[in-house]
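Here is the structure we will look at, set down as structure tokens.
Here the structure is a predicted model, which means the values were calculated and not measured.
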Amino acid sequence: MGERRWIYAIFINVGGTIFQTRMSTLKKIPDSRLGSLSPASPEYNAETDEYFFDHSPVLFNEILDLYRTGELHVPSNCCGAVLQRELEYWKIPKCLISECCIHSYHSYVQAQNTIQSIRESFEDNILDYSPTEYRNSKMKKMFRTIWITLDQPKSSTCAKVINALYLALVLLSVLVFLLSYQPYCRNETMTHEKLVYMKNYSTISLFQSVNLNNAKQVMFLTTEIHPLLDNIDLFCIVFFTLELFAHFFTCPRKIKFFTYVLNVLDLYLVVAMWTTFAIETQIEKYLNDSGMINFYTVLKASLVLRLLRFFRLMKQFSALKILFMSLKASIKELLLLFITFLLASVFFASFVYFAEFNEQDVFPTIIESVWWAIITMTTVGYGDMYPTSFGGKLVGIACAASGILIIAMPIAVVAANFSEYYLKNSERRLRGRLMKSKKKKRSCCSWGESPQVNHYSSSPPSPRNLLKRQNSKLTGIIASNSKSNGTSKKQKGKKTKNLPNGVQKRDAPSSAISRKSVTNENHGIWYDVPDLRVH
């Protein structure tokens, strides 16, 4: 019988469905689960002479066709998760999936990677105290409350208020920064005539190097910021400093605190703001120090980075974070765009340089021609440099057309990644809302009665025993009613059938019992909920 089984057909029972094939067919993939079958396998049933698998038979026809043809073809509506589960169960290599059907599996794997990256970004990277830390210490509990309030804008009403105040002060700080460079928001400290006198007769290097034709230099040397704006800016500096210290000292993992870019940015801005404030209070000491003046100018210019504080909104608006995640996922395409764009700009710059070689005042060097190529490929066209000859104009046309194509193709990939991440994040948020609503939902009677709760020490009773139990309760109730009303019924002369214990006959059951389980920590609680009365 064993030798015959290797030559002739064998029977495989998958979830109650019988399939027939040859053992020699299964041995084509010997490392698979079917290829390693033998009479000694635990799946073999000697009584029925078949191999039994307690598994879904939906895709088993395709699995058998793999052994016959060497390629795995699946239906177009097959879910990628089901396909992966089948491959893992039958121990089939993924490389055997045919090229025409690999798309569903690849889409599933890519979707899983996207979901995993979103989950890690939104859920797994949240810093928090462990339960043992804040339960055993009142100080840790207070620190955790402050930390959650400052770090999680949606955690409470107080957190929302503080986050709104933080963003309002960021906006106010940016507004003060912009107004401080407006002439009508500054007070005059020196007349223009005095500035001319200081330039001609003063020994201070700052006044000697001033360009009187530069209105910006003249404004900064003859005016100062309005005291009101200066006080508002100082208030914002104090607030951001206190917020940074509170954020840092209540952080559960202080080493990880500065692994976040926004925290490093806050630290730099606080240090830069206090440094510029200290220099401005004693600016007279540094007028003759050109190095300190240059250092102050660089710090003052870097304060424009305060605009990046608005990215705190990423914790409140997930779409902003999804944008950065899509850019991160498209880094290869963006790098390819940069390299291709750089090569094309050098290519067209060289061509236009030689095409305009006989022209005197345009494209003096290839490096300056690269500027023209970049401006042309991005379709900006400042007009400060342009070709005049026929050959140069042809190069300009080719440069502009190729720039559109080079920029458009990678941008489409970035847009597709953003669309995919945004869709998966929307599905994640929807699933989260459904899970919250499911937890809030409680089992109750359909007409508003409170359910009876029975606590069973072990497993709940079976439906048959539960029905017997309820019928015994109903029997006792009817028996007591019949004893109390027996005299009146006999007077009416109605005939009743002799029933044990004086139980009255019922034409139809008055009620039945349905059993509903409760999904909570007490798995031994069951609700006895009466159904609607049967008439």
(request) Could you tell me whether the side chains of Asn263 and His247 share a donor-acceptor contact shorter than 3.5 Å? (result) no
(request) Say whether Glu188 and Thr223, considering side chains only, have a donor N or O and an acceptor N or O under 3.5 Å apart. (result) no
(message) Is it true that, when you exclude Lys254 itself, more than 12 heavy atoms of the residues, nucleotides or ligands shown sit nearer than 6.0 Å to its NZ?
(response) yes
(request) Verify whether one side chain among Ser326 and Tyr422 offers a donor that lies under 3.5 Å from an acceptor in the other. (result) no
(message) Could you report the tightest heavy-atom contact between Thr281 and Ala278, atom names first, then the distance?
(response) OG1-O, 2.6 Å
(request) Starting from the C-alpha separation in whole Å, work towards a yes-or-no answer on side chain to side chain donor-acceptor pair (under 3.5 Å) for Trp372 and Asp384. (result) CA-CA 9 Å; Trp372 167 85; Asp384 56 338; over 6 Å; no
(message) Could you report the tightest heavy-atom contact between Asn187 and Pro227, atom names first, then the distance?
(response) ND2-CD, 3.2 Å
(message) If you define the side chain from C-beta out and look only at heavy atoms, does anything of Ser345 sit under 4.5 Å from Leu342?
(response) yes
(request) Verify the neighbour count for atom CG of Asn214: are there more than 12 heavy atoms of other residues, nucleotides or ligands below 6.0 Å? (result) yes
(request) Might you point out which heavy atoms bring Cys185 and Leu179 nearest each other, and give the distance in Å? (result) CB-O, 3.2 Å
(request) Take the angle between the ring planes of Phe357 and Tyr353 and call it parallel below 30°, perpendicular above 60°, tilted in between. (result) perpendicular
(request) Could you walk me through whether Val238 and Trp274 pass the side chain to side chain contact (heavy atoms under 4.5 Å, CB included) test, one step at a time? (result) CA-CA 9 Å; Val238 172; Trp274 283 115; 4.1 Å; yes
(message) Side chains of Leu59 and Glu62, heavy atoms from C-beta outward: is any pair under 4.5 Å?
(response) yes
(request) Give, for atom CG of Leu34 and atom CD1 of Ile12, the distance between the pair rounded to the nearest 0.5 Å. (result) 5.0 Å
(request) Taking the six-membered ring for Trp and the full ring for Phe, Tyr or His, determine whether the centres of Phe249 and Phe143 are under 6.0 Å apart. (result) no
(request) Decide if atom NZ of Lys393 counts as having more than 12 heavy atoms of other residues, nucleotides or ligands within a radius under 6.0 Å. (result) no
(message) For Phe341, I'd like to know if atom CZ has over 12 heavy atoms of other residues, nucleotides or ligands within 6.0 Å.
(response) yes
(message) Can you confirm whether Glu333 sits close enough to Leu336 that some side-chain heavy atom of one is under 4.5 Å from a side-chain heavy atom of the other?
(response) no
(request) Anything under 30° is parallel, anything over 60° is perpendicular, the rest tilted; go ahead and classify Tyr105 against Tyr108. (result) tilted
(message) I'd like to know whether Val413 forms a side chain to side chain contact (heavy atoms under 4.5 Å, CB included) with Leu334, so could you lay out the CA-CA distance, the side-chain angles of the two residues, the decisive distance to 0.1 Å, and finally the verdict.
(response) CA-CA 9 Å; Val413 177; Leu334 294 176; over 6 Å; no
(request) Verify the neighbour count for atom OH of Tyr268: are there more than 12 heavy atoms of other residues, nucleotides or ligands below 6.0 Å? (result) yes
(message) Please evaluate residues Val346 and Ile366 with respect to the criterion side chain to side chain contact (heavy atoms under 4.5 Å, CB included), reporting the C-alpha separation (whole Å), side-chain torsions for both, the decisive distance (0.1 Å), and the verdict.
(response) CA-CA 8 Å; Val346 174; Ile366 294 181; 5.5 Å; no
(request) Measure the shortest side-chain to side-chain distance between Met273 and Leu303 over non-hydrogen atoms and say whether it is less than 4.5 angstrom. (result) yes
(message) I want to check something: taking the side chain as every heavy atom from C-beta on, are Tyr386 and Val362 in contact at a cut-off of under 4.5 Å?
(response) no
(request) Determine whether the side chains of Trp90 and Glu86 contain a donor N or O and an acceptor N or O closer than 3.5 Å. (result) yes
(message) When you compare the side chain of Leu87 with that of Leu96, does any pair of heavy atoms fall below 4.5 Å?
(response) no
(request) Given side chain to side chain contact (heavy atoms under 4.5 Å, CB included), test Ile279 with Phe295 step by step and report yes or no. (result) CA-CA 10 Å; Ile279 294 175; Phe295 175 71; 4.2 Å; yes
(request) Check whether any side-chain heavy atom of Arg306 lies under 4.5 Å from a side-chain heavy atom of Phe177, and answer yes or no. (result) yes
(message) Does any part of the side chain of Asn163, heavy atoms only, come nearer than 4.5 Å to the side chain of Leu167, both counted from C-beta?
(response) yes
(message) Are there over 12 heavy-atom neighbours, none belonging to Tyr89, within less than 6.0 Å of that residue's OH?
(response) yes
(message) Quick one about Glu359 and Ser389 (side-chain donor to acceptor, distance below 3.5 Å, no hydrogens or angles considered), yes or no?
(response) no
(message) With a sphere of 6.0 Å drawn around CZ of Phe245, does it hold more than 12 non-hydrogen atoms of other residues, nucleotides or ligands?
(response) no
(message) For a quick test of reading the model, state the closest non-hydrogen atom pair linking Tyr181 to Met219 and the distance between them.
(response) O-CE, 3.9 Å
(request) Examine Phe60 together with Phe53 and report whether their ring centres are nearer than 6.0 Å. (result) no
(request) Enter the distance from Lys28:NZ to Leu26:CG here, rounded to the nearest 0.5 Å. (result) 9.5 Å
(message) With no hydrogens and no angle check, just 3.5 Å: does a side-chain donor-acceptor pair link Thr189 and Glu224?
(response) no
(message) For Tyr296 and Thr275, which I'm curious about, is there any donor-acceptor pair between the side chains at under 3.5 Å?
(response) no
(message) Between Arg309 and Asp266, does any NZ, NE, NH1 or NH2 come within less than 4.0 Å of an OD or OE carboxylate oxygen?
(response) yes
(message) Between Lys300 and Glu280, does any side-chain N to carboxylate O distance fall below 4.0 Å?
(response) yes
